[in-house]
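Position 1 is the first residue of the sequence, and the numbers go up from there. What's counted below: heavy atoms across the whole structure, side chains too, no hydrogens, waters or symmetry copies.
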Amino acid sequence: MIVFLARRVAAGLVLVVVIATTTFALMGLTGSDPARQIVGQTATQQQVAAKSRELGLDQPMAERYWHWLTDAVQGNLGTSWFSGESVTDSLTNRLPVTLSIVLAALLVSAVLSTVLGVAAAVRRGALDQLVQLLAVVGFAVPSFLVALVLAVVVGVDLGWLPATGYVPLATSASGWLKSITLPALSLAVGAVAATAQQVRGSMVDVLRADYVRTLRARGISERSLLFRHALRNAAPAALTVLALQFIGLVGGAVVVEKVFGLNGIGSQATGAGAQGDTPVVMGVVVVMVAIVVIVNIALDVAYGWLNPKVRVG
């Protein structure tokens with residue numbers, strides 16, 4: 001297991017470097033002129049050239065990337081070209097917002113998909129068809145539309161939960177929970193649809209296995225059979241889908257944060273990308289890819305715990 005984790009960490013570091021390199025190259029090919037945007041359209045060409053030298057834009061792209069990479073390895077992600085704020089400080093302030101809604105959505109997806117998938121596999125019939133119908137609807141409806149409906153109906157019309165804004169956990173636990181509920185539910189819809197289908201299919205296969213019939217013949221209670229034996233064997237496949245869904249949740253957070261007025265990394269990335277603020281965009285990319293890698297490694301560990309054959313391998 002230690003060797004496996006070491007390989008996964010090494011592969012994750014390579015992935016971070018590859019994506020960072022690709023992002024830096026793409027930012028350099030956008031054709032935007034950050035120096036001109038900073039000094040204004042009325043500035044002279046000499047002022048624009050001076051700002052370009054200050055930002056290092058007069059250097060070759062490879063040299064600029066090397067400077068950024070060596071600083072990033074030392075923990076220095078640079079400074080925003082437009083606000084002058086440290087990228088590390090900016091990400092530290094915004095990261096809790098995005099992580100709160102993404103991890104909450106992941107938790108909601110795991111719980112609801114397990115309940116729906118197991119119920120559909122055990123009850124079958126009309127309930128099974130209903131779960132599959134909900135899965136199709138969940139796939140078809142985009143998260144931003146769900147977010148708009150929840151914000152207008154639940155947040156504005158009914159007033160049950162706040163439609164905009166974020167309350168830090170350190171300020172108020174109940175306020176934090178209320179502020180992330182609607183965004184997390186908006187993100188979770190599609191993930192629940194995909195994962196519930198996977199849980200349902202895996203549970204159907206497991207319940208048909210010979211050892212399940214043997215356990216039933218021995219008189220083991222149905223609850224113990226389902227949750228202690230069958231679900232544990234069906235869970236690894238669902239975890240794989242959940243790991244993939246996490247990547248989608250991170251991407252979906254960009255739109256959801258805009259709808260609910262959350263000042264998270266997603267909204268920061270879109271604003272920085274529109275401005276051509278390379279240090280901020282690079283910082284966001286590195287942090288989010290690192291989080292995705294960490295979560296996937298954690299799910300791999302859970303997979304190994306649920307499936308002893310993986311540990312042996």
Discussion item. Looking at L177, is its backbone amide N or carbonyl O close enough to the side chain of T181 to form a donor-acceptor pair, meaning the two atoms are under 3.5 Å apart?
Written reply: yes
Heavy-atom closest pair (V212 atom, V206 atom, distance to 0.1 Å) is CG2-O, 3.1 Å
Minimal heavy-atom distance between A196 and L116, with the atoms involved, is CB-CB, 4.3 Å
Here the gap from R36 atom CZ to Q47 atom CD, rounded to the nearest 0.5 Å, amounts to 8.5 Å
Please check if L99 and V295 belong to a single hydrophobic cluster, counting links between Ile, Leu, Val, Met, Phe, Trp and Tyr side chain heavy atoms closer than 4.5 Å. yes
Grouping I, L, V, M, F, W and Y whenever their side-chain heavy atoms are under 4.5 Å apart, do V149 and L185 come out in a common cluster? yes
TODO: Mark yes or no for whether R64, through its side chain, and Q59, through its backbone, hold a donor-acceptor pair below 3.5 Å.
DONE: yes
| request: Could you tell me whether the side chain of S202 and the main chain of V199 form a donor-acceptor pair under 3.5 Å? | output: no
Check your understanding: Are I294 and L13 in one and the same hydrophobic cluster, where Ile, Leu, Val, Met, Phe, Trp and Tyr link if side-chain heavy atoms are under 4.5 Å apart?
Key -> no
So OG1 of T22 and CE of M27: to nearest 0.5 Å the spacing works out to 13.5 Å
On a heavy-atom basis, the closest approach of S80 and V87 is N-CG2, 3.9 Å
Is there a side-chain contact between T171 and P168 (heavy atoms, below 4.5 Å)?
-> yes
Checking W176 against S100: is there a side-chain donor and acceptor pair closer than 3.5 Å? yes
M288 and T98: side-chain contact (heavy atoms from CB on, under 4.5 Å), yes or no, with the steps?
-> CA-CA 10 Å; M288 297 312 294; T98 301; 4.2 Å; yes
Between the NZ atom in K258 and the CG atom in L148, the distance rounded to the nearest 0.5 Å is 13.5 Å
* Taking the side chain as every heavy atom from C-beta outward, state whether I291 and F246 have any atom pair closer than 4.5 Å. => yes
Counting C-beta onward and ignoring hydrogens, is there a side-chain heavy-atom pair between L145 and S143 closer than 4.5 Å? no
So V254 and I265, do their side chains get closer than 4.5 Å, heavy atoms only? no
Rounded to the nearest 0.5 angstrom, the CG-CG distance for N93 and D89 is 6.5 Å
Minimal heavy-atom distance between L249 and A191, with the atoms involved, is CD2-CB, 4.3 Å
Evaluate the side-chain proximity of S186 to F260: yes if any heavy-atom separation is below 4.5 Å, no if none is. yes
Can you tell if the side chain of W81 reaches within under 4.5 Å of the side chain of L57, non-hydrogen atoms only? yes
Taken to the nearest 0.5 Å, the spacing of M203 CE from Q198 CD works out to 12.5 Å
Given the options D157, V259, L158, V152 meets side-chain contact (heavy atoms from CB on, under 4.5 Å) only with D157
Is it true that I297 and V14 fall in one hydrophobic cluster, defined by side-chain heavy atoms closer than 4.5 Å? no
Kindly indicate whether the side chain of S267, heavy atoms from C-beta on, has any atom under 4.5 Å from the side chain of N263.
yes
**Audit row: K178, V167, side-chain contact (heavy atoms from CB on, under 4.5 Å) steps and yes/no** = CA-CA 8 Å; K178 292 178 181 178; V167 178; over 6 Å; no
Tightest non-hydrogen contact, residues S109 and V192, listed as CA-CG2, 3.5 Å
Practice task
Go through V141 and V189 one step at a time and tell me if the side-chain contact (heavy atoms from CB on, under 4.5 Å) criterion holds.
Solution key: CA-CA 9 Å; V141 180; V189 171; 5.6 Å; no
Side chains of F82 and Q37 in contact at under 4.5 Å (non-hydrogen atoms): yes
All heavy atoms of L77 vs all of A72, minimum pair found to be CD2-CB, 4.0 Å
### Query
Side chains of T79 and E85: do they bring a donor and an acceptor to under 3.5 Å?
no
Point to revise | Donor-acceptor side-chain pairing of S52 and D58 below 3.5 angstrom | key: no
Residues passing the ring-ring contact (aromatic ring centres under 6.0 Å, His included) test with F24, sequence neighbours excluded, are Y65
Are L55 and W68 linked, directly or through intermediate hydrophobic residues, by side-chain heavy-atom contacts shorter than 4.5 Å (ILVMFWY only)? no
**Message:** For Q245 and T195, which I'm curious about, is there any donor-acceptor pair between the side chains at under 3.5 Å?
**Reply:** no
d(D205 CG, R200 CZ) to nearest 0.5 Å is 9.0 Å
Where do Y166 and I101 land on the side-chain contact (heavy atoms from CB on, under 4.5 Å) test, with the steps shown first? CA-CA 10 Å; Y166 173 78; I101 62 174; 5.9 Å; no
